[in-house]
Number of protein chains: 2
Amino acid sequence: MFRLVEHTISGVGVIDKAAAILSALADGPLSLAGLVSTTDLPRPTAHRLASALETHGLLRRDSDGRFALGVALVALGHAATSGWPLAEAAHDALSRLRDRSGESAQLYVRQGEQRVCLASLESEHGLRTIVDTGAVLPLGLGSGGRVLLGEVGPDGWVASVEEREPGVASVSAPVCDSTGRVVAAVGVSGPIQRLTDNPGPVFGPEVVAAARAIAGAAGLHGHQHAT
Amino acid sequence: MFRLVEHTISGVGVIDKAAAILSALADGPLSLAGLVSTTDLPRPTAHRLASALETHGLLRRDSDGRFALGVALVALGHAATSGWPLAEAAHDALSRLRDRSGESAQLYVRQGEQRVCLASLESEHGLRTIVDTGAVLPLGLGSGGRVLLGEVGPDGWVASVEEREPGVASVSAPVCDSTGRVVAAVGVSGPIQRLTDNPGPVFGPEVVAAARAIAGAAGLHGHQHAT
DNA sequence: ATCGTGTGTTCCACAAGACGAAACATACGT
DNA sequence: ACGTATGTTTCGTCTTGTGGAACACACGAT
């Protein structure tokens, strides 16, 4: 279940309503009636705004006439990902982390009271954690979320076991800017059978190293690293 | 260079302006001054609307304070792609096409006067065509674009050699709905060295078969195929 | 250190534009 | 044939968004 920052008042009512419509459709196509029901907008308002978004390719009608997210969002989503300094910078470090740890590796950034997966590489194992790029996950559950909330252990990482999903363990570390602010979380995740119920000591150092490498590659340490 | 449908009047002025802002930022981050310049919006208007989009995560500020596309667009772009019937339906057929042809395979849909890559699988070759999902390409150049404009040869495919990019050849076929309307173009592309300067006869049949498989899997032939 | 310029942000009088109830058109189930 | 629900359009109303002016700040030139 995905939500844009909900019930937020930006000061521009039309944009608040349009964001509510996009958010409602992130879960799948909706008829006008469904959209009205989900967004609590009056029918003519929902119709007018959805049609306007359709004009710009941000929405489209599917073969049943239902409103759905449009192709322009594919391009914007791609541009958003490629424009994120971390997503590009993280790729090599995530590859190394995935290869050295043998487990799936992900990078998350905070989005309101949730986290969004900015980059994700899967391990080669048949049994592996799969998190899609763009997937929205909770903050309070799982090591990546806890890191984004500001938690960090003395060794620079946080581990979790079966917090977000049964059978899954993970280790994450914060990616910080030059002021020490946590801008992302990088980590590995996989089944407890491989990661054990105490995955931190084994995987923590590699995850911390990956976090430093990402911060460096993204130029988050000021002038310390050429970018 | 990406553009939302430009200078289109949807009937909701705020959405027209917001779409212009998103479009301007698809090419990369911009300062407020740059945004004002690119969109021709008055400074307070651009500031207000960009801040409102930022509130919803559709935009963000980068480390230099410039406006950039936000993380919410990563999630929406992902949802847009996964919600597109063709993107999911095409995956198996694109895999087979890529494997049998040995070349990169892509699926495009029309977006105004351009095309957007909805799905893309790369070949194993060191020298291969790389088109990112979400990439925006012209309609009039390249076999995929020409197919989306309605062109098709007697054998059901169109070939092009060095139209869009030097050294690149491609073959595409239309994916049609039950009324015969072209809803997408599927094709292979790669270097002339492998595809030759007459790639149609060799690759055309497989591309056409892939187009039919995609249409079937997406349920575009009415009730002929269970979906 | 001072000044001019350009940037980002806020204010607020104004009217343009968005709103949404009502009406209309269509489709569907009974 | 009728009632209900859907999608779409109309248009009087007034809320909301506009954008010039002003303010605050930063920077480069002198």
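Residue numbers begin at 1 in each chain, while the letters A, B, ... track the order of the sequences. Treat the numbers as computed from the prediction; the structure is a model and nothing was measured.
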Next item on the list: Let me have a per-nucleotide readout for nucleotides 4-22 of chain D, 5' to 3', with B, S or -, counting only protein heavy atoms under 4.0 Å.
Entry: --SBBB-------SBBBB-

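Between the side chains of A:Ser189 and A:Ser104, no donor N or O sits under 3.5 Å from an acceptor N or O. A side-chain donor from one of A:Ser172 and A:Ser143 sits under 3.5 Å from a side-chain acceptor of the other.
Within the model, atoms SG of A:Cys176 and CZ of A:Arg181 stand 9.5 Å from one another, a figure rounded to the nearest 0.5 Å. Summarising the geometry, atom CG belonging to B:Leu53 is positioned 8.0 Å from atom OG belonging to A:Ser10; distances are rounded to the nearest 0.5 Å.
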Could you tabulate the donor-acceptor pairs under 3.5 Å formed by side-chain atoms of residues 67-74 of chain A, not counting sequence neighbours?
none

